[in-house]
Novice: 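I'd like to ask you about the structure that follows.
In what follows, every chain begins at residue 1, and chains take the letters A, B, ... in the order their sequences are listed.
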Amino acid sequence: MSYDFNTIEAKWQAYWADKGTFKAENNSEKPKYYVLDMFPYPSGAGLHVGHPLGYIASDIYARYKRHKGFNVLHPQGYDSFGLPAEQYAIQTGQHPAITTKENIARYREQLDKIGFSFDWSREVKTSDPKFYKWTQWIFIELFNSWYDQDTHKARSISELEELFSQEGNTKVNAVCDEDITEFTAADWSAFSVKEKQAVLLKYRLTYLAETEVNWCPQLGTVLANDEIVNGVSERGGYPVIRKKMTQWSMRISAYAQRLLDGLHTIDWPQPLKDSQTNWIGRSEGASVTFNVKDHEAVIDVFTTRPDTIFGVSFMTLAPEHELVSKITTPEQKAEVDAYVEATAKRSERDRMADVKTISGVFTGAYAEHPFTKEPVPIWIGDYVLAGYGTGAVMAVPCGDQRDYDFAKHFGIDIPNIFEGVDISEEAFADKDNTMIANSDFLNGLKYKKAVKTSIYELEKLGQGKGKINYRLRDAVFSRQRYWGEPFPVYYVDGMPQMIDLKYLPIQLPEVEKYLPTETGEPPLGRADIWAWDATKNEVVSNDLIDHATVFPLELNTMPGWAGSSYYFNRYMDADNEEEVFSQDAIKYWKEVDLYIGGSEHATGHLLYARFWQKFLFDRGVVPVDEFAKKLINQGMILGTSAIVYRISGSNKYVSKGLKDQYDVEELRVDVNMVNASDELLPEDLKNWQPQFEDAEFELENGKLIVGREVEKMSKRWFNVVNPDGICEQYGADSLRLYEMFLGPLEQAKPWNTAGITGVHNFLKKLWKLYHNGDEFGVTDAVPIKENLKTLHKTIKKVEEDIENFSFNTSVSTFMIAVNELTAQKCNAKAVLEPLLVLISPYAPHIAEELWSKLGHQESISTASFPEFEEKYLVESTKQYPISFNGKTRFTMELPLDLGKEDIEAAVMAHEKTQQQLAGRTPKKVIVVPGKIINIVG
RNA sequence: GCUGAAGUGGUGGAAUUGGUAGACACGUUGGACUUAAAAUCCAAUGUCCAUUAGGACGUACGGGUUCAAGUCCCGUCUUCAGUACCA
């Protein structure tokens, strides 16, 4: 009976689906364990072999944990709102919901073939109204909250109103907009409803604000910082410009410090934590206020080096700074205007590409040094970024290289305030190893002391204070797109109003086209039925808008990260229609124990999800403030492209070894045509594409050998390998084993289909081990010692491997075990039965099949992982006495697979042992089979 | 520039964390079986010297610590990833 993997796999996949084998219960005697994958965006291209890598790893771990007696939650779903479906809709008119549905069906089919132990009864789709009802609800919760810096948590907005009516806003220490004016309790009660709403909006955790945004004209939308790569849009690579728009924003900056602190409590990869730390960008320093001479205006700057304040010889404002137009003198106006205009025109990309050119213009205005009262010239320069700090710097050329270069370039003074330091060539940025000089009260002080003293003196003057600045900006939450969550928001007299949970979800309206309108409004501006009747509480036709009872609805939609910021919690109670999830469910599952996914989400999804989790924690919705205890980034699987060499100007192809004799062009060809020896059959190439029909060949040793290149798996390189094909040809178990066998989970590694025969042969050998010819061959024979040694060594190794997530080495361990047991002619059930449980997480289908042949009625997933019994590994005790010439000379720890005989043989065989042992007791003996390597001590 | 990770056969990668370097697999070569192919099985496979026995050298490069270094320390080089005028 041969190993018929296609039949076996189809049989068990149907069995698992039918019996609901992997359905998790929300209560159990067993301890819980939650294993999660980052849910996929269902793209039209389907899965390639790189996509399931992380899913296979998490599936192995989930199945392992079930064997270890845990109640395992292992769900899957789809991040199904997004740009590609919308782009496709714009081009074809096809509704994105239809495209998305088709893509999901295709994904599901592909996923099912690999034999994952997902609990599909909990499936979520972010584009499903049943799901985005709760996305809208969380948005409303954010709207109804503010951040209290005294208690370090988000609180209900009604508590804030209470505070305002009792004591105004002067004592409230909230994270809020900067343009807050103070008011008393009396003022508050005198405010109109609209005025109150306007004030509260400045405090809410999600708020409307005129913000300068990254506008991408080609995509017709706003992009978040993490959606921009090298100054162009991540998707499409289109240029991005700065533009002011009224947008919803999320006050994530309120959580900057807690997002940093939380990193210490979670087991995530260090590089990922580092990039979040950099992204949040905490820096300690001081804010300093400079008065502008002959103006009412002041310039606030942030500096990390208040100790160098006496080294200030000029100030620089970002060209976009609001004071520029106010303070520029008439003489300088023309030059300044020209410069401002020039920088605005320059795209972000140009500005980044050229960081070396120094440019700037003097405004003609002067600020006053807070201590010396000397005039400080005010310049503008594009090396100062409007988006960081206050968009203005106090320039200390002797201590900062950029200020130094600027000063040199424009011939500005470079006063030296460092003791015994030469600054004739470059700035001195080293904080330590010097003392401050020429600085009045700071003279002779070292960095730390000087910082403290300078802040103290600034505070005395009322012109500065210690400050912690974060690079993290509030996150823009509006997108001018169709295929996203609609906001549950309508506008009365220009003020946003939330729609009550009772009437959610507010579903996406139908539109004729998915493009922005001619007047530049988002696609929802095309909807005819998109107004809110506040009496009937339903969406009605725009024609009915009367601004008394029927109002316009928000036209923007939410960004891609909205749904992915809490979906992991929704899985816990995915069908709940009353609540986002029940408190019972969330208190039982609490958080994700193991989260596996790509590192590209470091500063996007993973930061936003942590932010929402902390918010929901503050509001008592979730019991823990970090959503994932442990996270692993799986490495990308790369493609191994195949290259043929065409003699330039001809249609003749030469084998790789001959290419240097000619002037050749390289052409990528479909990797699936190439065999394990890099050989390509000329016939296959001729049949592949019409351009090769008449191809001629020059072979080496009768073969056409292709060149290889490792690069990202992509259609354009013809190096995409599809998992369905692999499953058909070798089976899902082979695919699963091979993906693990390729190398360490976290590492990037190239795919090469040829190598899969190794693991495939292993499965065939495994099958044979349980069979005797055509008969099932497992017996009740008593296992011999060697059998047990092999089994227990394998248990120990595999368990260690899984706990350490080194899945690649356990595949080798299985191969060794099966080879050994085959050589030992083992057919003992006592060995072969537990061995199946070990292999089952990796190759579940074959394990189920053999398990049922052993007479089990239940799925192997209910079996418990075998215990490792040390006694079969070593003869007696760990400290084993070694006798020599009839006398016990020393005891030693035995290597795992060595017995007493091995050691004694080694000792006897070692010529020098007698001399070495004469008169001393060795501390340690290094022994390998048949040989003593060294005696120490 | 900064931060992080890593350099081991023809290839992917092992190495109980300081103890036989190259497990396991691919590929290659030879052999068995077969009319043939596929499949399967057996053997060899780091480099160099030697007919053999055996020996020398070997984990990017140069030093060091140690009875013992791929592993620890110092210096150099290279590659990959992330980030970038952050005041």
Side-chain angles (χ1 to χ4, degrees), chain A residues 2 229-230 269-275 277-279 281-283 285 288 301-306 308 315-316 318 351-352 354-358 381-385 387-396 399-403 405-406 429 469-472 599-600 602-603 633 635-636 640 675-679 708 710 737-738 741-744 746-762 764-765 768 793 796-797 800 806 808-817 819 893 895-897 916 922-937:
Chain A
S2 64
V229 178
N230 296 327
Q270 198 55 43
L272 197 155
K273 288 188 185 181
D274 289 347
S275 72
T277 306
N278 291 337
W279 193 261
R282 177 193 155 107
S283 46
V288 184
V301 301
F302 173 74
T303 177
T304 53
R305 297 292 304 274
T308 63
M315 303 192 70
T316 315
R351 221 162 135 175
M352 255 183 229
D354 132 61
V355 294
K356 285 171 202 94
T357 318
I358 296 164
D382 68 359
Y383 81 96
V384 176
L385 305 174
Y388 182 77
T390 58
V393 299
M394 56 173 232
V396 183
D400 182 287
Q401 195 57 44
R402 290 156 307 169
D403 296 344
D405 294 341
F406 195 89
N469 192 58
Y470 298 92
R471 196 188 84 127
L472 184 70
S599 56
E600 66 273 19
T603 52
N633 290 130
M636 207 191 324
T640 316
N675 76 5
S677 326
D678 292 352
E679 187 187 346
R708 293 293 203 172
V710 171
L737 283 169
Y738 190 50
F741 183 72
L742 278 178
E746 290 99 327
Q747 194 176 300
K749 51 223 168 248
W751 176 271
N752 191 350
T753 304
I756 201 171
T757 52
V759 292
H760 189 62
N761 282 340
F762 155 73
K764 287 198 236 177
K765 285 184 198 169
K768 270 194 189 165
K793 159 174 102 175
K796 182 168 192 271
K797 184 69 166 58
E800 279 170 7
S806 358
N808 54 328
T809 47
S810 29
V811 179
S812 298
T813 308
F814 292 139
M815 292 180 179
I816 295 167
N819 284 339
E893 203 173 311
L896 259 187
D897 45 1
Q916 291 203 5
K923 280 187 184 135
K924 195 169 186 189
V925 182
I926 311 302
V927 188
V928 298
K931 187 168 151 195
I932 288 194
I933 300 161
N934 207 349
I935 295 179
V936 185

Novice: Between B:rC85, B:rG82, B:rG13, which one does the side chain of A:Y383 approach most closely?
Specialist: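 Looking only at heavy atoms from C-beta outward on A:Y383, the closest nucleotide is B:rC85.
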Novice: How does protein contact run along nucleotides 1-8 of chain B, one letter per nucleotide 5' to 3', with B for base contact, S for sugar-phosphate only, - for none, heavy atoms under 4.0 Å?
Specialist: ---S----
Novice: Are OP1 or OP2 of B:rG13 and a side-chain N or O of A:K749 less than 4.0 angstrom apart?
Specialist: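 So the side chain of A:K749 is outside the cut-off, no N or O lying under 4.0 Å from OP1 or OP2 of B:rG13.
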Novice: Could you walk me through whether A:V759 and A:M815 pass the side-chain contact (heavy atoms from CB on, under 4.5 Å) check?
Specialist: CA-CA 8 Å; A:V759 292; A:M815 292 180 179; 3.6 Å; yes
Novice: As a test of reading the structure: which of B:rU40, B:rC85, B:rA87 is closest to the side chain of A:K764, going by heavy atoms?
Specialist: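 Per side-chain heavy atoms of A:K764, the pick is B:rU40.
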Novice: Rounded to the nearest angstrom, tell me the gap between atom NZ in A:K793 and atom C1' in B:rA23.
Specialist: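 Interatomic distance, NZ of A:K793 to C1' of B:rA23: 11 Å.
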Novice: Can you give me the closest heavy-atom contact between A:N752 and A:R708, atom names plus distance?
Specialist: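 Residues A:N752 and A:R708, closest heavy atoms: OD1-NH2, 4.1 Å.
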Novice: Of A:L742 and A:D400, whose closest RNA chain B nucleotide lies nearer the 5' terminus?
Specialist: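 On the 5' side of the pair lies A:L742.
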Novice: Please measure how far the P atom in B:rU65 lies from the corresponding atom in B:rC73, and state the result in whole Å.
Specialist: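 That atom pair is separated by 15 Å.
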Novice: Working to the nearest 0.5 Å, report the span between CG of A:N633 and CD of A:E600.
Specialist: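 Taking CG in A:N633 and CD in A:E600, the distance rounds to 8.0 Å.
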Novice: First locate atom CZ of A:F302, then atom OH of A:Y470, and finally report the distance between them rounded to the nearest 0.5 Å.
Specialist: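 The CZ atom of A:F302 sits 10.0 Å away from the OH atom of A:Y470.
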Novice: Judged by atom type as modelled, is there a donor-acceptor pair below 3.5 Å linking the side chain of A:T303 to the main-chain atoms of A:R305?
Specialist: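 Such a contact is found between A:T303 side chain and A:R305 backbone.
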Novice: Using modelled atom types only, decide if a donor and an acceptor are shared between the side chain of A:T640 and the backbone of A:W751 within a distance under 3.5 Å.
Specialist: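 Yes: the side chain of A:T640 pairs with the backbone of A:W751.
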Novice: Drop me the distance from A:L272's CG to A:T603's OG1, to the nearest 0.5 angstrom.
Specialist: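 Rounded to the nearest 0.5 Å, the CG-OG1 separation comes out at 9.0 Å.
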Novice: Does B:rG31 sit syn or anti, given that only angles within 90° of 0 count as syn?
Specialist: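 Chi for B:rG31 falls in the anti range.
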Novice: Would you mind reading off the distance between A:L272 atom CG and B:rU83 atom P, rounded to a whole angstrom?
Specialist: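 Atom CG in A:L272 sits about 12 Å away from atom P in B:rU83.
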Novice: Does the structure show a Watson-Crick or G-U wobble partner for B:rU83, both distances under 3.5 Å? Name it, or say none.
Specialist: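 Because both required distances fall under 3.5 Å, B:rU83 counts as paired with B:rG1.
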Novice: Judged by atom type as modelled, is there a donor-acceptor pair below 3.5 Å linking the side chain of A:D400 to the main-chain atoms of A:D403?
Specialist: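 Flag set: sc A:D400 to bb A:D403 pair under 3.5 Å.
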Novice: Take atom C1' in B:rA69 and the same atom in B:rG62, then report the distance between them in whole Å.
Specialist: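 Result for the C1' pair: 16 Å, nearest Å.
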Novice: Once you round to the nearest 0.5 Å, how far does CG of A:N675 lie from OG1 of A:T753?
Specialist: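 The CG atom of A:N675 sits 11.5 Å away from the OG1 atom of A:T753.
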Novice: Write down the partner of B:rA21 under the Watson-Crick or G-U wobble criteria, each distance required to be under 3.5 Å.
Specialist: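 Its partner: none found.
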Novice: Across all strands shown, which nucleotide pairs with B:rU71 by Watson-Crick or G-U wobble geometry, both distances under 3.5 Å?
Specialist: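 When the pairing criteria are applied, nothing turns out to pair with B:rU71, so the answer is none.
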Novice: Could you state the atom-to-atom distance from CG of A:D403 to C1' of B:rC86 in whole Å?
Specialist: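 In whole Å, B:rC86 C1' and A:D403 CG are 12 Å from each other.
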Novice: One character per nucleotide, please: for nucleotides 24-32 of chain B, 5' to 3', B when the base has a protein heavy atom closer than 4.0 Å, S when only the sugar-phosphate does, - otherwise.
Specialist: BSSSS----
Novice: In this structure, how many angstroms lie between the C1' atom of B:rC86 and the CG atom of A:L385, rounded?
Specialist: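 Atom CG in A:L385 sits about 7 Å away from atom C1' in B:rC86.
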Novice: Using a 4.0 Å heavy-atom cut-off across all strands, classify A:N808 as base, sugar-phosphate, or nothing.
Specialist: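 The residue A:N808 makes sugar-phosphate contact but no base contact.
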Novice: Does B:rC85 have OP1 or OP2 under 4.0 Å away from a side-chain N or O of A:Q401?
Specialist: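 Checking B:rC85 against A:Q401, no side-chain N or O comes under 4.0 Å of OP1 or OP2.
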Novice: Whether A:R282 contacts B:rC86 is assessed here as follows: a side-chain N or O lying under 4.0 Å from the phosphate OP1 or OP2. Is that the case?
Specialist: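 Indeed not, no polar side-chain atom of A:R282 lies that close.
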Novice: Round to a whole Å and report the spacing from CG of A:N469 to C1' of B:rA87.
Specialist: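 Distance, rounded to whole Å: 9 Å.
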Novice: Measuring only the C1' atom in each nucleotide, how far is B:rA23 from B:rA15? A whole number of Å is fine.
Specialist: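 Taking atom C1' in both B:rA23 and B:rA15, they lie 7 Å apart.
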Novice: When rounded to the nearest Å, what value does the distance between P atoms of B:rA37 and B:rU29 take?
Specialist: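 After rounding to an integer number of Å, I get 15 Å for this pair.
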Novice: Can you tell me the base-pairing partner of B:rU78? Count Watson-Crick or G-U wobble geometry only, both distances below 3.5 Å, and say none if there is no partner.
Specialist: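 Pairing partner, where one exists within any strand: B:rA6.
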Novice: Tell me whether B:rU17 sits syn or anti, counting syn as a glycosidic angle within 90° of 0.
Specialist: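 Syn, angle within 90° of zero.
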Novice: Distance from A:I816 atom CD1 to A:F762 atom CZ, nearest 0.5 Å?
Specialist: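 These two atoms lie 11.0 Å from each other.
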